[in-house]
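Heads up, the thing below is written out as structure tokens.
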Protein chains: 2
Amino acid sequence: MTPGARRVLAAASRLFYERGIHAVGVDLIASEAGVTKKTLYDRFGSKDQIVVEYLAARDERWRAFVAERLARVEPGSADRVLAVFDASRDWMAESSPKGCSMVKAHAEISDASHPAYEIIIGQKQWMLTLFTDLVREYAAPRADELARTLMILHEGALVAHGLGIFPDPAGHARDRAAELLAASC
Amino acid sequence: MTPGARRVLAAASRLFYERGIHAVGVDLIASEAGVTKKTLYDRFGSKDQIVVEYLAARDERWRAFVAERLARVEPGSADRVLAVFDASRDWMAESSPKGCSMVKAHAEISDASHPAYEIIIGQKQWMLTLFTDLVREYAAPRADELARTLMILHEGALVAHGLGIFPDPAGHARDRAAELLAASC
DNA sequence: GTTCCACTATACCGATCTGTATAGTGGAAC
DNA sequence: GTTCCACTATACAGATCGGTATAGTGGAAC
């Protein structure tokens, strides 16, 4: 990726997350990136493509972030699940004050044929599979059911964080997950 | 409200929810309502005002829906909390296949000074207060903590429903809420 | 020293955006 | 029978939308 393209993607990512995808135009993105529209279209071809690369990059960074946190914890321990919740809390504190970018994008992209759709759904399916794998690893009974509960707790914490109704929902969800895991050993 | 205004609000509500607020223009709303733009602006004054009335009406309907369900259950019972989860499941099945309209609107409205903002936050605060009142009524220990857990479970179920990753997340959340209430008696 | 190539600068396209202006119609109220 | 009023019809304003066209610049590669 060229320096100009990197600046375009960085500016678009910030603007899409802060103001919404439909609310941000390509002229603004180019201007904020310090680039002409010609460069923007030479590199990405369309606004939709910038949206796709914004979500794909964020998805990739999140998965790497989680993988790095999981690598610190011994497999087979219930702490592995808690490490995911801890990762979410840190991730939100540092780069997601307004909630999950995938959920926000899902609210704006109605058409399931949009190329960004599969990225959004793909990340959520990956999270459910991850929870399922982690509780199976931990040898919990009724693993699928437990994984779905963890998924609901996790998504709920993300949304509650974005709404700002009460402080530290991710920490709260983590503590509830810990109790669940302790009870189902 | 005049017949024309009612049709405008009905069309706008459907379109805003299905396609997103920024993605829907006033020309489309007027056309779908079978009304001229003149009528639309005579009745509402601005698109923002239509957005506000869309969310306010939906909020009002939701609160009335919950109140009606709660009225069926004897106060002081843990079943009152479960009635809220049941209400959500039915509400989503009949009119919210894509998730909570407030969460969707929150994803598109970045500015906290937007007149719709307080409606969105207001509904979520009302839900947290409702859960708190219901568990206090039930005489549960650590009521505030329990209410926040229920809030997270509830928001998580709404989002999971919209994403469609697994079936009946509201029913799943309801069952987990029932276990929590049984354990904290 | 010519060929790439990432880039700037600027002007433009047709479409759509929110919002307004002017003129007129049909029916109920009083 | 005139006064309201909710409404239609149409045209337009100024801005912004996503996207394209033409022309040119500066530096590294070979």
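In what follows, chains carry the letters A, B, and so on, assigned in the order in which the sequence lines appear, proteins first and then strands, with residues in each chain numbered from 1.
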- Message: Once pairs are restricted to Watson-Crick or G-U wobble with both distances under 3.5 Å, how does DNA chain C read as a dot-bracket string, [ ] for crossings and | for other-strand pairs?
- Response: ||||||||||||||||||||||||||||||

- Look at atom CD of B:E18 and say whether more than 12 heavy atoms of other residues, nucleotides or ligands are closer to it than 6.0 Å. yes

- For residues A:I29 and A:F16, determine if any side-chain heavy atom of one lies less than 4.5 Å from a side-chain heavy atom of the other. yes

- Pair B:S96, B:R58: side-chain N/O donor-acceptor within cut-off below 3.5 Å: yes

- Message: Less than 6.0 angstrom separating the ring centers of A:Y54 and A:F44, yes or no?
- Response: no

- Item | Nucleotide range of DNA chain C lying under 4.0 Å from chain A heavy atoms | C:dA6 to C:dA9

- State whether A:K38 and A:D42 are salt-bridged, where the test is any N-O pair (Lys NZ or Arg NE/NH1/NH2 against Asp/Glu carboxylate O) under 4.0 Å. yes

- Sorted by number, residues from residues 21-48 of chain B placing a heavy atom under 4.0 Å from DNA chain C are B:V24, B:G25, B:V26, B:D27, B:K37, B:K38, B:Y41, B:S46, B:K47

- Would A:D111 and A:S113 count as having a side-chain donor-acceptor pair, cut-off 3.5 Å? yes

- Hey, is A:E145 close enough to B:R176 for a salt bridge, meaning N to O under 4.0 Å? yes

- Task: Evaluate the ring planes of B:F131 and B:H154, with Trp represented by its six-membered ring, and classify them as parallel (under 30°), tilted (30 to 60°) or perpendicular (over 60°).
- Result: perpendicular

- Message: A cation-pi test, strictly: NZ or CZ of B:K104 under 6.0 Å from the centre of the six-membered ring of B:Y17 and no more than 45 degrees from its axis. Yes or no?
- Response: yes

- Query: Would you call A:R69 and A:D86 a salt bridge, using N to O less than 4.0 angstrom?
  - Reply: no

